[in-house]
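Remarks on the structure that follows.
Heads up: numbering here begins at 1 and tracks the sequence.
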Amino acid sequence: MDFQGKSVLVTGAGKGIGRSTAKLLAERGAQVVAMTRTKEDLDSLEGEIGCRSIVVDLADAAATREAAHAALPVDYLVNCAGTTALDPFLDVTTETFDLIYTVNTRAPMIVAQEYARDRVNRGLPGAIVNVSSVSSFIGFADHAAYCASKGALDALTRVMANELGRHRIRVNAINPTVTLTPMATKAWSDPDKAARMLARIPLGRFADPEDVAEVILYLLSDRAAMLNGLAMPVDGGFMIN
């Protein structure tokens, strides 16, 4: 998949899946606009791939919209930024719930709105990939706010695909299993908990960020020209077991 001459905005590009996606896009010829809240992560990524970077706290709605404007124009969008917290359902606070929702669901909406408005106004096609999770399908213990935010992101993706598809902008979600990122390491550090999860994955391993990045690039590319509105598991078979 060649992205020579294309530009891509990647949120959450500092670490994990977002960073792997930004690097893979650059390898395939794309000009990357990287967005995340940690300047040091963006500085190091800039040194590696020569991207343009924008520092923003995606929990701040106004700052998110301003950053999205600053990133434009771009050909494609990858909404990859996310956060989590581990709390039993009875202990989830409204503050935690609101924070996770604002980063995982509201921020992708805001960035996608600005990207899509620009494409529609200029009469150009496009593609958006929202990075969701198998947590949108499964009620994992201690993940109430996270599961809710990813379920909402999948629902948002379907509406976006319906409305924006009429403007030749495809929108899909991908739903990875546990992916070996810093956030996943925190969430699945308990060996017994991880073993139970692995036992349900026929391929017998968790995903690497590069596994997910390859699927993101496919969904952005013209090879996926008739894929719109999907919530695509990238899970080694977890969802069939």
Between [atom1] of [X] and [atom2] of [Y], what distance do you get to the nearest 0.5 Å?
{"X": "Thr64", "Y": "Gln113", "atom1": "OG1", "atom2": "CD", "result": "11.5 Å"}
{"X": "Ser135", "Y": "Tyr146", "atom1": "OG", "atom2": "OH", "result": "5.0 Å"}
{"X": "Asp60", "Y": "Arg65", "atom1": "CG", "atom2": "CZ", "result": "11.5 Å"}
{"X": "Ile100", "Y": "Ser149", "atom1": "CD1", "atom2": "OG", "result": "6.5 Å"}
{"X": "Thr21", "Y": "Glu210", "atom1": "OG1", "atom2": "CD", "result": "9.0 Å"}

- side chain to side chain donor-acceptor pair (under 3.5 Å) with Ser132: which of Asn79, Asn104, Asp154?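 Looking at Asn79, Asn104, Asp154, the match for Ser132 under the side chain to side chain donor-acceptor pair (under 3.5 Å) is Asp154.
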Mind checking whether [X] and [Y] sit in one hydrophobic cluster, side chains of I, L, V, M, F, W, Y counted as touching below 4.5 Å?
{"X": "Leu164", "Y": "Ile110", "answer": "yes"}
{"X": "Leu227", "Y": "Val212", "answer": "yes"}
{"X": "Met239", "Y": "Leu230", "answer": "no"}
{"X": "Leu24", "Y": "Phe3", "answer": "yes"}
{"X": "Met109", "Y": "Leu9", "answer": "yes"}

Are the side chains of [Y] and [X] in contact, using a 4.5 Å heavy-atom criterion?
{"X": "Met1", "Y": "Leu220", "answer": "no"}
{"X": "Asn162", "Y": "Arg158", "answer": "no"}
{"X": "His143", "Y": "Asp87", "answer": "no"}
{"X": "Ile216", "Y": "Val131", "answer": "yes"}
{"X": "Thr11", "Y": "Thr36", "answer": "no"}
{"X": "Pro176", "Y": "Thr179", "answer": "yes"}
{"X": "Leu25", "Y": "Tyr76", "answer": "no"}
{"X": "Met226", "Y": "Arg170", "answer": "no"}

[X] and [Y]: side-chain donor and acceptor closer than 3.5 Å?
{"X": "Thr177", "Y": "Asp235", "result": "no"}
{"X": "Arg52", "Y": "Gln31", "result": "no"}
{"X": "Asn172", "Y": "Asn228", "result": "no"}
{"X": "Ser133", "Y": "Ser136", "result": "no"}
{"X": "Thr157", "Y": "Asn130", "result": "yes"}
{"X": "Arg19", "Y": "Ser44", "result": "yes"}

- Assess whether side-chain contact (heavy atoms from CB on, under 4.5 Å) is satisfied between Ile201 and Val178, documenting all intermediate values. CA-CA 10 Å; Ile201 300 175; Val178 175; 5.9 Å; no
Donor-acceptor contact below 3.5 Å, side chain [X] vs main chain [Y]:
{"X": "Ser20", "Y": "Ile17", "result": "no"}
{"X": "Thr38", "Y": "Asp41", "result": "no"}
{"X": "Arg119", "Y": "Pro125", "result": "yes"}

- Should the pair Asp2-Arg28 be classified as a salt bridge under the 4.0 Å nitrogen-to-oxygen rule?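 Salt bridge between Asp2 and Arg28, a charged N being under 4.0 Å from a carboxylate O: no.
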- Would you mind checking if Asp211 and Arg205 are paired as a salt bridge, meaning a charged N to carboxylate O distance below 4.0 Å? yes
- Message: Applying side-chain contact (heavy atoms from CB on, under 4.5 Å) to Met232 and Leu219, what does each step give before you reach the verdict?
- Response: CA-CA 10 Å; Met232 178 184 286; Leu219 289 173; 4.1 Å; yes
- Intermediate values then yes/no, side-chain contact (heavy atoms from CB on, under 4.5 Å), Leu77 and Val111: CA-CA 9 Å; Leu77 167 63; Val111 178; 3.7 Å; yes
- Message: Here's one to test your reading of the geometry: is the NZ or CZ of Arg200 within 45 degrees of the ring axis of Phe238 and under 6.0 Å from its centre?
- Response: yes
- Item | salt bridge (Lys or Arg N to Asp or Glu O under 4.0 Å) between Lys39 and Glu46, worked out | CA-CA 10 Å; Lys39 184 178 185 301; Glu46 257 186 67; over 6 Å; no
- Task: For the pair Tyr101 and Phe97, name the ring-plane relationship: parallel under 30°, tilted 30 to 60°, perpendicular over 60°.
- Result: parallel
- Task: State, to 0.1 Å, how close Leu58 and Ala81 come at their nearest heavy-atom pair, and which atoms those are.
- Result: CD1-CB, 3.3 Å
- Message: Walk me through whether Ser7 and Asp75 qualify under side-chain hydrogen bond (donor to acceptor under 3.5 Å, both in side chains).
- Response: CA-CA 5 Å; Ser7 55; Asp75 295 299; 3.2 Å; yes
- Query: For Arg122, which residues count as a salt bridge (Lys or Arg N to Asp or Glu O under 4.0 Å) partner, sequence neighbours excluded?
  - Reply: Asp118
